[in-house]
A.B. asks: 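One structure coming up, written as structure tokens, with questions to follow.
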Amino acid sequence: MDLIEVSGLTKRYGGIVALEQASFSARAGEVHALIGENGAGKSTFIQILAGAVAHDGGDVLFDGAHYNPANPDDAETTGVTAVFQELSLIPDLTVEENIWFRREPRRWWGAADRRELRRKTLDLFEKYEFPPIQADRDVRRLTLAEQQIVEIAKGLAKSTRVLILDEATSALPAKETEWLLKLTRKLAEEGLLVIFISHRMGEVRSIADRMTIFRNGSTVATHVTDEVSDDEIVAQMIGRQMDRLYPERRDTTTGRIALKVSNLECGSRLRGVGFELREGEVLGVGGLQGHGHRELFQSLFGASRSTGEVELWGRTTRFNTPSQALSGREGIALVPEDRGGQGLLNSMSVRENLTLSVQRRMTWCGLVDSKREAALVREMVDLLSIKVDTPEQEAGTLSGGNQQKVVFGKMLLTEARVLLLYDPTRGVDVGTKSEIFQLMRDLAAQGYAILFHSSDMPELVHVCDRVMVLRAGHVAALLDRSAISEEAILRAAVLEKDT
Amino acid sequence: MSTSLRNYLLDKAPFLTACAMLVAILATYASLQRGVFSIDELNLVTGSAMTLILVATGQTIVILRGGIDLSVGGMVSLGTVIAATQFGTDPVNIVLWSSAILLLGFLIGAANGVMINYLQLQPFLVTLATWSVLSGVAMIILPTDGGSVPDWWIGFGYSEFLGLAGPVWMMIALIGFWFWFKSTRLGTTIRATGSSEKSAFLSGVSIMRVDIAAYGLSGFFAAAGALYLTTQTGGGSPIIGKDYILPSVAAAVIGGVSLFGGRGGLMGTVVGAFILILIGSLVFALRISSHWQPVLSGLILLVAVLTSSLTEKTAKGQAQ
């Protein structure tokens, strides 16, 4: 019998239907993937299962009994735990305090039993072969990837019957992703039902027994992984035959050098990097996380202090602050890694977000020329086909893909022609991904120079003109178009000897 | 330096800076005056710092929650006037009224918590309002300084046990309470909620309960501060409480408690309170105008804020 059976599940927020007539079934011991574009209803679906929101209609059976958890605690008591994409960790508590939060072992006088806490944490880490993380560090000191791993540990510590992983791999570097995929399989073999959400088809293929496809707030179909082709899946996800995920890649590189970097150093992670980025070129930056990518992007953008020489359009330049970098056509613009925290002001409108960095383009004696502003905003909304009811809509209410488009628009409005894209497709649905890649190639064709980092290797392979692989803060390899392949990137990223 | 030591120092930097400033002030003070490092001086200084320490204990709990409690000023005034008008001389009566004042403090604080949580109002505004209400009620009960408490009640500050005065024992008990409280379930959830309300909520914490407890405890400790204050002044005052509002926040911040919530502890606040009290003594010993006291307090507050900001930046730069 199936462990979870869902029929006719419906959820409305005001007038907006988030989920309608969704049906789903999954059994213990399987990895069941949920796929679909952002806004297709997956998130609402798992939030209902995890007790974070209540459903309006339909029925959920858990182990044959009606299941309608009032809150996450309730769901956990039944045995359903979710590791949400938005992390639920407490920044000022330590790793171990977070993993056992509210279930800490206690002594009779009410204080936490520190020794027992440590022992349980190390046992857990050992049992599931966790990547090394210091148990007594405050979580706010950890990297995003480490925090994601702690979040997974927190989920596992509840030793549940159903574990929901919501894009858990999107923040993880390659090695940790592999660990998590292996762990997921192991958990399923131990009899757990793992519900796995990912935008990366390769991962879904490698571990899921079955998958359920969501589209427009409802479920479309459930397939056995081995019996369905990628084309069929993509077609069902978007409801029409999608031409191609990746755009045609014409060589638009000119001889002109847009950005020339030599001996760039920043902290202990970036230790002397040099390269040239040409006009009309998309230069990929690959390699394992923690090898200097973030520092490279932040140094160039003036957000981190660095040493070395930077030439922009033939002129020696040094940006000490992002405000200098964003100084117009001769500048550099960045799409940062953390859309919510760095790229977007969630509580401000789409219009305000778009024009935040370009006040100078539309002010006259300190007064905003609102006609000019409206024109700029309309230009970007149209160019990027951002789906908004009105530009006054709060940016935080948009779907992930649309939010990222706003960040792109904000960057394009600065008129900078050297663009730094740091993992711009993270947590973005397939449709928007495809649009972003097309946009990148179009911009390159117009003479922009793009430095592009992605944690998803196929993107580097299919979108870039050249790929530079960083290892330990140095350039480990510079691959020409004919030499780009996942294997070549990985080889350069992990092998000591340069290829 | 090993990474873990470096991390430890970074995490503790605001608190360690406060300790260093306290030592510097003590050293200067000791160079000007004899007998600074004596039990008598400890008894004396702790005696005058205790009201602030008590009020700041409650304030610390609220700040760790991510809020602020201005109503402690009104509660202190109200507590002293109730005590000074109702105590009389009967010990049983005094015990009953003391308990009533403490309970009242908790209930008023809890009411703050309910309003802030249930009505989703700004802590600053809600407690500003209750401060005003409580001050007014205190004025109605006792329009000018006055009333009285029995002599034996006043004697508490001078009572001694094993050479240490009552207030010193009180402080020791308070610190003991803190080391227990901070790792209890309630203590942890208050810190967690201050650190990230959303995460705490998603982890199943009842934010309502946290708010009631945090503000309730703040009211309780403010009431305790009021009771202690009457042992110092021997009477009630409807306006004395305002002298403890911002200093209670300053003591916490100087001691490394973050106004963003979640970070810091009572040890820091106690150090901060001593710094604020000793600046008064220092200004007196230096024979300069007493107007220098707020100037020095302000500068120290700036150093404290700067330290926590710089360490956060350093730590962030390191993590990336």
A.B. asks: Over 60° means perpendicular and under 30° means parallel, so tell me whether Trp178(B) and Phe181(B) are parallel, tilted or perpendicular.
C.D. replies: tilted

A.B. asks: Relative to chain B, which segment of Pro91(A) carries a heavy atom at a distance below 4.5 Å: side chain, backbone, both, or neither?
C.D. replies: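 Looking at Pro91(A), backbone and side chain both touch chain B.
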
A.B. asks: So, does Glu104(A) use its side chain to make a donor-acceptor pair with the main chain of Arg185(B) at under 3.5 Å?
C.D. replies: no

A.B. asks: Do Arg263(B) and Asp138(A) sit within salt-bridge range, that is, some charged N less than 4.0 Å from a carboxylate O?
C.D. replies: no

A.B. asks: Quick check on the 6.0 Å ring-centre criterion: do Tyr422(A) and Phe301(A) meet it?
C.D. replies: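 Ring centroids of Tyr422(A) and Phe301(A) are no less than 6.0 Å from each other.
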
A.B. asks: Does some side-chain heavy atom of Leu93(A) sit less than 4.5 Å from a side-chain heavy atom of Ser195(B)?
C.D. replies: no

A.B. asks: Sort by residue number and list every member of residues 109-126 of chain B having a non-hydrogen atom under 4.5 Å from chain A.
C.D. replies: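 The stretch does not come within 4.5 Å of chain A.
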
A.B. asks: So, are Arg114(A) and Glu97(A) salt-bridged, with charged N and O less than 4.0 Å apart?
C.D. replies: yes

A.B. asks: In this structure, are over 12 heavy atoms from other groups packed under 6.0 Å from Arg106(A) atom CZ?
C.D. replies: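 More than 12 heavy atoms, drawn from other residues, nucleotides or ligands, come within 6.0 Å of this atom.
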
A.B. asks: Which region of Asp73(A), side chain (C-beta onward) or backbone (N, CA, C, O), has a non-hydrogen atom less than 4.5 Å from a non-hydrogen atom of chain B, or is it both or neither?
C.D. replies: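 Side chain of Asp73(A) only, per the 4.5 Å heavy-atom cut-off to chain B.
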
